[in-house]
Amino acid sequence: ALGGVAYIGYGIYQDRHPPPQVEPDPSKKTLLILGSGWGSVSLLKKLDTENYNVVVISPRNYFLFTPLLPSCTTGTIEHRSIMEPIRTILRQKRGSVKYYEAEATSIDYERKLVRVRDESEVRGVAVETDVPYDMLVIGVGAENATFGIPGVREHSCFLKEIGDAQRIRKRIMDCVETAAFKDQPPEEIDRLLHMVVVGGGPTGVEFAGELQDFFEEDIRKLIPEISDRFRVTLIEALPNVLPMFSKQLIEYTESTFKEEKIDIKTKTMVKKVTDKTVEAEMAGPDGKKEKVVFPYGLLVWATGNAVRPLVKDLMSRIPAQKESRRGLAVNEYLVVQGTRDVWAVGDCAVAGYAPTAQVASQEGNFLARLFNNMAKTEALEEKIRELSSSLNIKPGNTAEVSREIEEYERQLRRIKDIKPFHYSHQGSLAYIGSEKAVADISWFNGNLASGGRLTFLFWRSAYLSMCFSTRNRLLVINDWLKSKLFGRDVSR
Ligand code: NAD
């Protein structure tokens, strides 16, 4: 039935020929999904949407492939290549699936209502309304942790959303062009060309690597007169960077950074940020603390996650969440503790795993399986009820109907037996600059640690295969080729 276009790829065929739009069916339950990130979109992808009236609410009307976000800060990849509109994702689903671009501002889990706010620029005024649900999935992610350190929010760039990457890209070129301006004092040039990254987790490390590449491969050639002054410093409070990787890969990353001339300052805790400086406390080899000041042109803050206000507010109203600090405590089926019919996935949920894309997508897949099964269970229970009552009405074919009931009951037992969520760690990957990457991969119950150029090719192919759609994949390949052949685009 796919005809001549099937060979292009079923995804493309489906894209062009979406199933018809359907209105909500009052006999079905309303499944409300908050968020459009890894957790929510993985759920949507695998969910049999015909079983529910699905409503998706998120202020961001696209899915973002976050592993390649650091590459967007330097133009190695253009931002639209890693964005997939939620509308294209949803139009491939069957049944009633609605999307509203809005932010959830509070959740009333007792009355089963979510308050949402739409701040539309064209309307000029914000509109608030309540959306009812029968089942709710919270997949709203987390926000950037600042630990209340003064000046961070006002002066630094984060690296979580597309807007952050665009801001950084502009700021890098602003620093470079200002440093190259006529008759700049040398100390001002040094400040402008000092790029400081706070946080030695994978986000900070990958960004520092991309930044150094950008400088070595492009800016140095285009503006040679400032090339000796460009510096990248990575500040980390702990004794080493990338704590989730093995010791060998940590050492490999640190020595690669040394070759790339990225300065790593470990055991250095940032305490204050001003518009031009970062103030930190550095522990010396004797444990003595010393105050250090780093003047900067660009400051990128990548110190991990904090709980969003929506989630914090909900937690404060559920007695069973009193002890939880880092997000919504969930049980082994991802049900939010102390509630009914509310599930949480991804960075806003605390299920005992690191807040990564891998965990969020496995949680989303799990919920899709769970919900598909719940719908099948209800349908089977309904059939059994109907058959049982027909037994009383028409006693003629009792044996046959009983057999049928037994068969349905067997099926029911099988699908009801859903194992709790179990995370299977596939490994960790990080790009560290100059076409090198590090990988800690789970391999036949063991661990495989590798670093270097071959790992970089593995990193690229792994991320390419994980891209959301064929369209994204083609765009990313195109960007890689383009920046290799013609250099990155340095226009602001
Ligand atoms: P992170 O939590 O992994 O690392 C933040 C780092 O900042 C920590 O090492 C912490 O010690 C340091 N820090 C905190 N406050 C500081 C201060 N005041 N001064 C100096 N250093 C300070 O954060 P992330 O890199 O944003 O990652 C968030 C999550 O996403 C993690 O779970 C991570 O594994 C995951 N992630 C994974 C990848 C990948 O696998 N390639 C990429 C990005 C993010």
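Just so you know, these numbers come straight off a predicted model, no measurement behind them. When a ligand or atom number is given, it counts from 1 through the structure's own listing order. Any value given below was found using the heavy atoms of this structure, including those in side chains, with hydrogens, waters and symmetry copies removed.
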When only distance counts, is A430 in polar contact with ligand 1, meaning an N/O pair under 3.5 Å?
no

Plane angle bin for F366 and F421 - parallel if under 30°, tilted between 30 and 60°, otherwise perpendicular
perpendicular

Can you find an N/O atom of L429 closer than 3.5 Å to an N/O atom of ligand 1?
yes

Would you say the side chain of T74 lies within less than 4.5 Å of the side chain of D213, judging by non-hydrogen atoms?
no

Flag the pair E84 and R471 as a salt bridge only when some basic side-chain nitrogen lies within less than 4.0 angstrom of an acidic carboxylate oxygen.
yes

Contact region, S428 to ligand 1, non-hydrogen atoms below 4.0 Å, reads neither

To the nearest 0.1 Å, how far is atom 7 (O) of ligand 1 from its closest protein heavy atom, and which atom is that?
G199 CA, 3.3 Å

How close does the nearest protein non-hydrogen atom get to atom 24 (P) of ligand 1, and which residue and atom is it?
T203 OG1, 3.3 Å

In terms of the angle between their ring planes, are W459 and Y463 parallel, tilted or perpendicular, with boundaries placed at 30° and 60°?
tilted

Location of contacts on Y463 toward ligand 1, heavy atoms closer than 4.0 Å
side chain

Answer side chain, backbone, both or neither: which part of T66 comes under 4.0 Å from ligand 1, heavy atoms only.
neither

When you check the gap from the basic side-chain N to the acidic O, do E435 and R460 get nearer than 4.0 Å?
no

Answer side chain, backbone, both or neither: which part of N305 comes under 4.0 Å from ligand 1, heavy atoms only.
neither

Atoms of ligand 1 under 4.0 Å from any heavy atom of L238, numbered from 1 in the order shown, are 9 (O), 11 (O)

Give the residue and atom name of whichever protein heavy atom lies nearest to atom 30 (O) of ligand 1, and the separation in Å to one decimal.
P355 O, 3.5 Å

Test the K45-F468 pair against the cation-pi criterion, namely NZ or CZ under 6.0 angstrom from the six-membered ring centroid and within 45° of the ring axis.
yes

Residues in side chain to side chain contact (heavy atoms under 4.5 Å, CB included) contact with N144, at least two apart in sequence or another chain:
F158, K160

Please write down residue, atom name and distance for the protein heavy atom closest to atom 28 (C) of ligand 1.
G304 CA, 4.4 Å

Interatomic spacing from CG in L328 to CE in M315 - rounded to 0.5 Å:
6.0 Å

Starting from atom 21 (N) of ligand 1, which protein heavy atom do you reach first, and at what distance in Å?
A237 N, 3.1 Å

Decide whether the shortest distance between a heavy atom of T268 and an atom of ligand 1 is less than 4.0 Å.
yes

Would you call the rings of F63 and W38 parallel, tilted or perpendicular if under 30° counts as parallel and over 60° as perpendicular?
perpendicular

Among all the protein's non-hydrogen atoms, which is closest to atom 6 (C) of ligand 1, and how far away is it?
E236 OE1, 3.4 Å

Salt bridge or not between E187 and R191? Use side-chain N to carboxylate O under 4.0 Å.
no

Parallel under 30°, tilted from 30 to 60°, perpendicular over 60°: which one fits the rings of F294 and H194?
tilted

Decide, yes or no, whether a salt bridge links K288 with E290 under the criterion of side-chain N to carboxylate O below 4.0 Å.
no

In terms of residue, atom name and distance, what is the protein heavy atom nearest to atom 37 (C) of ligand 1?
P202 CG, 3.4 Å

Protein heavy atom at shortest distance from atom 13 (N) of ligand 1
T303 CG2, 3.8 Å

Is ligand 1 under 4.0 Å from a heavy atom in the side chain of K271, in the backbone, in both, or in neither?
neither

Is E206 close enough to touch ligand 1? Criterion: a residue heavy atom under 4.0 Å from a ligand atom.
yes

Polar atom proximity, P243 to ligand 1 (N or O, under 3.5 Å)
no

